[in-house]
Amino acid sequence: MTSLPKVTELARVRLEDYRPIVGDDLIDDIRRLARPLAGMTIQHINSAAVGGGVAEILKRLVPLMEDVGLKAEWDVMEGTPAFFHVTKTFHNAFHGQPVTVTEAMLSTYVEVSRRNYPLVRKADFVIIHDQQPLGLTGIKEDRVGKWVWYCHVDPIYVDRKVWDFLRPFAEKCHASIYHIPQYAKGIKNKEYILSPAIDPLSDKNREVTEKEKEEVVRRLGLDLEKPIVLQVSRFDRLKDPVGVIKAFRLVRRYLPCQLVLAGGGASDDPEGQQVLAEVREAADDDPDILIYDLPPTSDLEINVLQRLATVVVQKSIREGFGLTVTEAMWKGKPLVATAVGGIRYQVEHEKTGLLSHTIEGTAWNILRFLQDRELAQAVGQRAREQVRRRFLLPVYLRDWLILLNLLKDKH
Ligand code: UDP
């Protein structure tokens with residue numbers, strides 16, 4: 001069983017560092033809310049120490065919880081290839097893909113969950129992240145503390161058979177958490193909403209120096225003469241990169257501009273490679289379309305690209321939450337996106353971004369921002385303030401503390 005090293009090995013974050021960004025009131029609220037929880041233990045359990053959004057957020061949330069007086073632990077369950085095959089199938093099922101689930105697969109899930117049970121601590125709160133460790137809830141009835149299932153994906157299209165299997169495990173928890181209200185499954189426990197957040201002090205989001213900017217521009221061979229339309233996303237059809245190219249070509253009929261498509265994960269994901277090939281074919285060596293297949297260590301590059309962009313696009317066909325949207329909004333960028341899932345939850349049309357459903361609508365919205373810099377600036381500014389109020393790490397911590405206080409007093 002892997003028990004992660006404690007705070008020192010996690011990200012070095014301290015609540016006070018955020019005071020200049022989020023203001024005194026929020027930091028003071030957090031301190032107040034943390035007081036009744038002082039010394040209480042909270043155990044987070046997921047299935048990956050690195051990679052993926054959950055690990056990313058735990059790396060920062062766990063030390064912050066410690067910093068405000070909780071005893072926070074993060075443990076990673078240990079699976080087998082067969083187990084991860086099952087949970088990957090479940091993952092695909094959550095995304096609405098047709099899957100085949102056999103009795104043998106379900107037995108593997110239950111068996112590996114049982115073997116991982118010694119991982120569970122006698123904590124006041126046990127937080128099960130996503131479906132991989134959810135089987136732990138089925139092992140013992142005499143467990144202590146309050147158990148919570150945190151669903152980090154969009155479960156709207158989940159395959160019926162998979163959900164029928166997982167639901168009883170989720171119902172054994174005292175509460176469940178979803179990213180946006182529409183995702184609540186109506187299961188027999190308390191349901192809460194905790195949207196994810198970005199860390200304004202991480203390399204992905206912190207302010208960058210001119211020198212850092214220049215270095216990234218040189219490394220990527222960017223030409224800053226023409227306005228930049230940017231989409232940052234894994235090369236995945238659900239992010240519709242080819243649709244972005246089509247919208248860009250419509251825009252360019254009216255205004256000179258360039259398109260940057262930056263993504264990653266293509267090398268180890270066969271489908272990513274295929275989508276990247278489709279994108280290259282659609283771009284057809286157009287000198288105004290730059291495609292960057294970035295390694296996973298490209299936080300600073302993504303940060304700089306987002307800061308250099310004139311307009312940021314997120315033309316997803318589906319989007320669980322859409323952290324790239326949050327990141328662009330935090331950088332005060334005018335955002336053009338499709339009105340789906342978590343994007344609709346984050347962006348208010350005309351106020352904090354422009355939403356549409358089609359290629360033509362996307363093109364029209366990009367043009368509006370390129371032609372009306374005042375509008376672009378005003379929308380970007382409001383977007384940044386919206387993220388400051390709702391989607392920064394300390395806000396997330398405050399909402400966690402409210403939730404833990406509620407749970408603590410529940411029987
Ligand atoms: N991202 C990255 N490298 C890439 C593409 C994306 O680091 O090549 C980051 C992006 O900045 C964001 C996250 O991965 O922080 C993607 O999260 P989002 O919710 O937008 O989409 P997902 O990929 O989870 O569907």
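For ligands, and for the atoms within them, numbers begin at 1 and follow the listed sequence.
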(message) What I want to find out is whether R60 reaches D199 closely enough, with some N-O distance under 4.0 Å, to be called a salt bridge.
(response)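 Salt bridge between R60 and D199, a charged N being under 4.0 Å from a carboxylate O: yes.
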
(request) Before accepting this row, confirm whether a basic side-chain N of the pair R389/E385 lies closer than 4.0 Å to the acidic partner's carboxylate O. (result)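 Looking at E385 together with R389, the answer is no, because their closest N to O distance does not fall below 4.0 Å.
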
(request) Check the surroundings of atom CH2 in W364: do more than 12 heavy atoms from other residues, nucleotides or ligands lie under 6.0 Å from it? (result)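 Atom CH2 in W364 is not packed in, count stays at 12 or less.
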
Could you tell me which atoms of ligand 1, counted from 1 in the order shown, lie closer than 4.0 angstrom to a heavy atom of [X]?
| X | answer |
| --- | --- |
| L323 | 17 (O), 18 (P), 19 (O), 20 (O) |
| E327 | 10 (C), 11 (O), 12 (C), 15 (O) |
| E319 | 21 (O), 25 (O) |
| G264 | 4 (C), 8 (O) |
| R234 | 5 (C), 22 (P), 23 (O), 25 (O) |
| G322 | 19 (O), 20 (O) |

(request) Just say parallel, tilted or perpendicular for the rings of W147 and Y117, cut-offs at 30° and 60°. (result)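 Ring orientation, 0 to 90° scale: parallel.
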
(request) Classify the ring geometry between F169 and F165 as parallel (under 30°), tilted (30 to 60°) or perpendicular (over 60°). (result)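 Because their plane-to-plane angle is over 60°, the rings of F169 and F165 count as perpendicular.
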
Contact check: [X] vs ligand 1, nitrogen or oxygen atoms, below 3.5 angstrom:
| X | result |
| --- | --- |
| D299 | no |
| S233 | no |
| Q306 | no |

(request) Assess whether side-chain contact (heavy atoms from CB on, under 4.5 Å) is satisfied between I291 and L276, documenting all intermediate values. (result) CA-CA 9 Å; I291 300 162; L276 181 56; 3.8 Å; yes

(request) For R160, check salt bridge (Lys or Arg N to Asp or Glu O under 4.0 Å) against everything at least two apart and list the hits. (result)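 For R160, the residues satisfying salt bridge (Lys or Arg N to Asp or Glu O under 4.0 Å) (neighbours in sequence not counted) are D164.
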
(request) Check W400, F125, Y192 against Y150 for a ring-ring contact (aromatic ring centres under 6.0 Å, His included) and give me the one that passes. (result)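 Of the listed options, the one satisfying the test is W400.
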
(message) Quick check on G53 - does any of its heavy atoms sit under 4.0 Å from an atom of ligand 1?
(response)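 Heavy atoms of G53 never come under 4.0 Å of ligand 1.
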
(message) Side chain, backbone, both or neither: which applies to I302 and ligand 1 if a contact is any heavy-atom pair less than 4.0 Å apart?
(response)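 For I302, only side-chain atoms sit under 4.0 Å from ligand 1.
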
(request) Examine the proximity of ligand 1 to K239 and report which part, side chain or backbone, both or neither, has a heavy atom under 4.0 Å away. (result)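 Looking at K239 and ligand 1, just side chain atoms fall under 4.0 Å.
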
